[in-house]
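Remember, it's 1-based here, ligands and their atoms both numbered in the order they're listed.
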Amino acid sequence: MDETRTQVAIIGAGPAGMLLSHLLAAEGVDSVVVETRSEEYVASRIRAGILEQSTVDLLRGSGLAERLEDEGDRHRGIYLQWPEERHHLDFEKLTGRSVWVYGQTEVQKDLVAARKADDQAVFYEIDDTTLDDVETDRPSVTFTDADGAPHRVVADVVAGCDGTFGPSRAAVPEGERSTWEKVYPYSWLGVLADVAPSTDELIYAWHPDGFALHSMRSETVSRLYLQVPNDTPVEEWSDDRIWESLATRLGHGQDGWTLTPGPITEKSVLPMRSFVQTPMRHGRLFLAGDAAHIVPPTGAKGLNLAVSDVGLLAPALVALLQTGDSALADAYSDTALRRVWRCTHFSWWMTTMLHQSGDPFDRQLQLSQLRWVTGSDAGATGLAENYAGLPLGY
Ligand SMILES: Cc1cc2nc3c(=O)[nH]c(=O)nc-3n(C[C@H](O)[C@H](O)[C@H](O)COP(=O)(O)OP(=O)(O)OC[C@H]3O[C@@H](n4cnc5c(N)ncnc54)[C@H](O)[C@@H]3O)c2cc1C
């Protein structure tokens, strides 16, 4: 079997894995990345689109923000609305922090370009990924490479950045891991449309028919979401039905605001789930990003949490591998989980405030909460602080 020796074996070439590789390389720590999908597939997955302040700061600090500065769209805040009322929350005014619209596809392209420029070893299109000896100081990852040959990467540390479906999470023995999960009784139908956004900043809309969100990817591409029942077949939603429902829920015609429809280029149904597995470290295996936690997308936290995990993990591994100082590595799981649970709560809170659960009592509480959040500086600041993102060390 072919064998490669490195300091950090990284499973998963998504944002968590590639950013970790980049941050480690900047400090002289060597890594090998392994990934089941092709480079093109990973780079074209339509997912998150909002970067919080800490993410942007970290990308800037690590030389990854050149295109983000040019092409990203900085937003001061968001709109929150319910029928007949729309309110703007100005995060900059409330907290001095803002958010950027810049798609995960673009973040991924920037990461891939930076790693390529550095001749990073990435094995794409691999199979049969297995983690071994993670409780020793010589853990390894074995896999079948793209040519069908078996391969082993022997390392000092394994970083499990392999998302929801990867094997790293389950490599923590059952008796040593705890999991928490909440499945929501609704999903999002998400569409991409080749039409200029009808709004300057995101609109989060509470509506008796169900939640709707008007987001965007660029000056010419809109990203829109509708709350739908779980297991909704995407074929049930024709383009006309989608635009009609968006117009109703987003308040087309209200105070002169109009929603401009356009050609829909992508449609998919996204189930909503909260999930956390603890601890985020077992022996020489460290988990980061969706491998350890999943949030419903309402708070725009998934990608940002992957970045903040890695922002904490990279210096911990550098200290461990270069000087033998294990303090940060030992603290990694607890430090990362503090922020993970904060974001898990915020994502749950935004989700349950804005979606129809079918319970009339919930509706009254949601409207009361929305009125408070939009009418009180204290309420608005709490939302703004969480949405624009707490500092990395929170
Ligand atoms: C459909 C979808 C829509 C989303 N929409 C939003 C959104 O609108 N807003 C938001 O904030 N967040 C959204 N998210 C969440 C956000 O995209 C994730 O939180 C983010 O991608 C996490 O990055 P990651 O690197 O941890 O995981 P991933 O991006 O999932 O990367 C993990 C990588 O590991 C690879 N992998 C898996 N198994 C193996 C294996 N056995 N061996 C090797 N490699 C493996 C995968 O192919 C993948 O490339 C969405 C997620 C999904 C799935």
So which protein heavy atom does atom 37 (C) of ligand 1 come closest to, and at what separation? Asp162 O, 3.2 Å
Testing the basics here: between Ala171 and Leu285, what is the closest heavy-atom pair and its distance to 0.1 Å? CB-CD2, 3.9 Å
Step by step, work out the salt bridge (charged side-chain N to carboxylate O under 4.0 Å, His left out) result for Arg60 and Glu69. CA-CA 9 Å; Arg60 279 180 177 151; Glu69 306 283 8; 2.7 Å; yes
Of all protein heavy atoms, the one nearest atom 38 (N) of ligand 1 is Gly166 CA, 3.5 Å
Nearest-neighbour protein heavy atom for atom 2 (C) of ligand 1, which is reported as residue plus atom name and distance: Leu270 CD1, 3.6 Å
With a cut-off of 4.0 Å, which atoms of ligand 1 are near a heavy atom of Gly163? 27 (O), 30 (O), 32 (C)
Just by distance, no angles: are the side chains of Asp128 and Thr144 close enough, under 3.5 Å, to form a donor-acceptor pair? yes
Looking at Arg241 and Glu244, is there a salt bridge between them, counting it only when a charged N and a carboxylate O are closer than 4.0 Å? no
Ser268 and ligand 1 - part of the residue with a heavy-atom distance under 4.0 Å: neither
Give a yes or no on this: more than 12 heavy atoms of other residues, nucleotides or ligands lie within 6.0 Å of atom CG of Asp2. yes
Please could you name the atoms of ligand 1 that Pro167 approaches to less than 4.0 Å, counting only its heavy atoms? 40 (C), 41 (N)
How about Trp188 and Phe211: are their ring centres within less than 6.0 Å of each other? yes
Find all atoms of ligand 1 within a distance of less than 4.0 Å from any non-hydrogen atom belonging to Val34, and give their numbers and elements. 43 (C), 44 (N)
With a 4.0 Å heavy-atom cut-off (strictly under), which part of Leu303 contacts ligand 1: side chain, backbone, both or neither? backbone
Could you establish whether Tyr225 and ligand 1 come within less than 4.0 Å of each other, counting only heavy atoms on the residue side? yes
Tell me, do Val318 and Pro315 make a side-chain contact under 4.5 Å, heavy atoms counted? no
May I ask you to identify the nearest protein heavy atom to atom 42 (N) of ligand 1, giving residue, atom name and distance to one decimal place in Å? Thr129 OG1, 2.7 Å
Nearest non-hydrogen protein atom, atom 7 (C) of ligand 1: Ala48 CA, 3.4 Å
Counting non-hydrogen protein atoms only, what is the nearest one to atom 33 (C) of ligand 1? Give residue, atom name and distance. Glu35 OE1, 3.6 Å
Are any non-hydrogen side-chain atoms of Val56 and Arg74 less than 4.5 angstrom apart? no
Only one of Trp82, Tyr79, Trp372, Tyr204 forms a ring-ring contact (aromatic ring centres under 6.0 Å, His included) with His87, so which one is it? Trp82
Taking only heavy atoms of Ala306, which atoms of ligand 1 are found under 4.0 Å from at least one of them? 22 (C), 23 (O), 26 (O)
Nearest heavy-atom neighbours spanning Thr260 and Ser198: N-OG, 2.9 Å
What pair of heavy atoms forms the shortest contact from Asp30 to Gln7, and how long is it? N-OE1, 2.8 Å
In the protein, which heavy atom is nearest to atom 19 (O) of ligand 1, and how far is it? Asp290 OD1, 2.7 Å
Any heavy atom of Arg223 closer to ligand 1 than 4.0 angstrom? no
Can you sort out which atoms of ligand 1 are near Gly302, meaning under 4.0 Å from one of its heavy atoms? 11 (O), 19 (O)
Strictly distance-based, threshold 3.5 Å: is any side-chain N or O of Ser218 a donor or acceptor partner for the main-chain N or O of Val221? yes
Relative to ligand 1, is Thr164 under 4.0 angstrom through side chain, backbone, both or neither, heavy atoms considered? neither
Counting only heavy atoms, which portion of Lys301 has something under 4.0 Å from ligand 1: side chain, backbone, both, or neither? backbone
Numbered atoms and elements of ligand 1 in range of Ala300, under 4.0 angstrom, heavy atoms: 11 (O)
Can you tell which of Glu125, Arg47, Arg37, Gln104 gets a heavy atom nearest to atom 53 (C) of ligand 1? Arg47
For ligand 1, the portion of Ala16 having any non-hydrogen atom under 4.0 Å away: both
Which of the ligand 1 atoms, numbered from 1, are nearer than 4.0 Å to a heavy atom of Cys161: 32 (C), 33 (C), 34 (O)
Nearest non-hydrogen partners of Ile78 and Glu201, listed with the distance: N-OE1, 4.0 Å
Out of Gly17, Pro15, Gly289, Gly14, who is nearest to atom 23 (O) of ligand 1 when you count heavy atoms only? Pro15
Which atoms of ligand 1 have any heavy atom of Gly12 under 4.0 Å away? 33 (C), 34 (O), 35 (C), 44 (N)
Angle between ring planes, His252 versus Trp257, binned at 30° and 60°: parallel, tilted or perpendicular? perpendicular
Which residue supplies the protein heavy atom nearest to atom 44 (N) of ligand 1, what is that atom called, and how far is it? Thr36 N, 3.4 Å
For Phe123 together with His151, are the ring centres under 6.0 Å from each other? yes
